[in-house]
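Along the sequence shown, the residues carry numbers beginning at 1.
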Amino acid sequence: MSDILQQLTQVLEDRKQADPDSSYVAGLYAKGLDAILKKIGEEATETVMAAKDGDARHLVYEIADLWFHCMLLLAQQGLEVDAVLDELGRRFGLSGLEEKAARGES
């Protein structure tokens, strides 16, 4: 995992113990799963809109927001980024069609 992902993972863990009034992340943790999921939905929509606008810089900015909030969700659920990276590694080298077939999807 890259250094920035490791550092961010640690910050997200540390914020679980922080005062919700002192930290954006601690505030989202305090509001619970629905608030985190809502934020991911908002960021996903903003990512789609940035892609449609064709502004590469804005798209990167929005994807960073989306990834951040997905990492926050993983931390809230007691999961680590490594679990996602491991899953991507497992899929690497498989065609998308093979991977979907292995899951029983068409």
Side-chain angles (χ1 to χ4, degrees):
M1 182 169 31
S2 78
D3 286 344
I4 192 65
L5 291 179
Q6 286 178 328
Q7 292 171 20
L8 184 51
T9 296
Q10 187 59 56
V11 168
L12 292 171
E13 282 301 314
D14 293 346
R15 293 298 189 272
K16 288 180 177 180
Q17 311 308 320
D19 178 357
D21 293 330
S22 70
S23 162
Y24 169 76
V25 170
L28 274 177
Y29 282 140
K31 290 176 185 173
L33 180 61
D34 286 347
I36 295 168
L37 295 175
K38 180 180 178 190
K39 194 62 185 167
I40 289 173
E42 290 171 8
E43 297 302 342
T45 300
E46 290 171 4
T47 297
V48 169
M49 291 168 50
K52 294 287 279 181
D53 288 345
D55 182 342
R57 230 162 142 201
H58 187 212
L59 178 58
V60 168
Y61 179 89
E62 294 301 342
I63 289 174
D65 280 351
L66 180 58
W67 285 12
F68 174 85
H69 288 90
C70 287
M71 288 180 66
L72 187 139
L73 173 62
L74 287 168
Q76 189 266 348
Q77 294 288 302
L79 299 168
E80 296 191 11
V81 173
D82 284 338
V84 176
L85 296 175
D86 290 346
E87 177 60 18
L88 289 171
R90 183 192 68 77
R91 294 180 187 186
F92 193 77
L94 289 177
S95 79
L97 297 175
E98 290 172 336
E99 199 280 327
K100 285 180 78 170
R103 289 185 285 148
E105 294 181 19
S106 53

Novice: To the nearest 0.5 Å, tell me how far E62 CD sits from M49 CE.
Specialist: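 The distance works out to 8.5 Å.
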Novice: CG/L79 to CG/L73 distance, rounded to the nearest 0.5 angstrom?
Specialist: 8.0 Å
Novice: Let me have the donor-acceptor pairs involving side chains of residues 24-37, under 3.5 Å, with sequence neighbours excluded, atom names and distances please.
Specialist:
unit_1	atom_1	unit_2	atom_2	d
Y24	OH	H69	NE2	2.9
Y29	OH	L12	O	2.9

Novice: If we ignore hydrogens and angles and just use 3.5 Å, is the side chain of D53 paired with the main-chain N or O of D55 as donor and acceptor?
Specialist: no
Novice: Can you measure from CG (L72) to OG1 (T9) and round to the nearest 0.5 angstrom?
Specialist: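 L72 atom CG to T9 atom OG1 measures 11.0 Å (nearest 0.5 Å).
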Novice: Taking V48 as the starting point, is it possible to reach Y61 by hopping between hydrophobic residues whose side chains are less than 4.5 Å apart?
Specialist: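 They do not share one cluster, since no chain of ILVMFWY contacts under 4.5 Å joins Y61 to V48.
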Novice: Working to the nearest 0.5 angstrom, can you tell me the gap between E43 CD and E46 CD?
Specialist: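 Result: 4.5 Å between the selected atoms.
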Novice: When rounded to the nearest 0.5 angstrom, what distance separates CD1 in I40 from OG1 in T45?
Specialist: 12.0 Å
Novice: Going hydrophobic residue to hydrophobic residue with side-chain gaps under 4.5 angstrom, can you get from V81 over to W67?
Specialist: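 No: no chain of side-chain contacts under 4.5 Å links V81 to W67.
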Novice: Do Q10 and Q7 touch side chain to side chain, with heavy atoms closer than 4.5 Å?
Specialist: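 The answer is no, as the side chains (C-beta and beyond) never meet within the 4.5 Å cut-off.
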Novice: Establish whether L88 and L74 are linked, either directly or via other cluster members, by ILVMFWY side-chain heavy-atom contacts under 4.5 Å.
Specialist: yes
Novice: Tell me every residue that passes side chain to side chain donor-acceptor pair (under 3.5 Å) with T47, counting only those two or more places apart in sequence or in another chain.
Specialist: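 T47 satisfies side chain to side chain donor-acceptor pair (under 3.5 Å) with no residue once adjacent residues are dropped.
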Novice: How long is the span from the CZ atom in F92 to the CD atom in E87, to the nearest 0.5 Å?
Specialist: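 Between atom CZ of F92 and atom CD of E87 there are 14.0 Å.
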Novice: Could you check if a side-chain atom of I63 sits within less than 4.5 angstrom of a side-chain atom of V60, using non-hydrogen atoms only?
Specialist: no
Novice: Taking the side chain from S22 and the backbone from D19, do they hold a donor-acceptor pair closer than 3.5 Å?
Specialist: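 Looks like yes, one N/O pair under 3.5 Å.
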Novice: Would you indicate whether the side-chain heavy atoms of M71 and L5 approach each other to under 4.5 Å?
Specialist: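 The answer is yes, as the side chains (C-beta and beyond) meet within the 4.5 Å cut-off.
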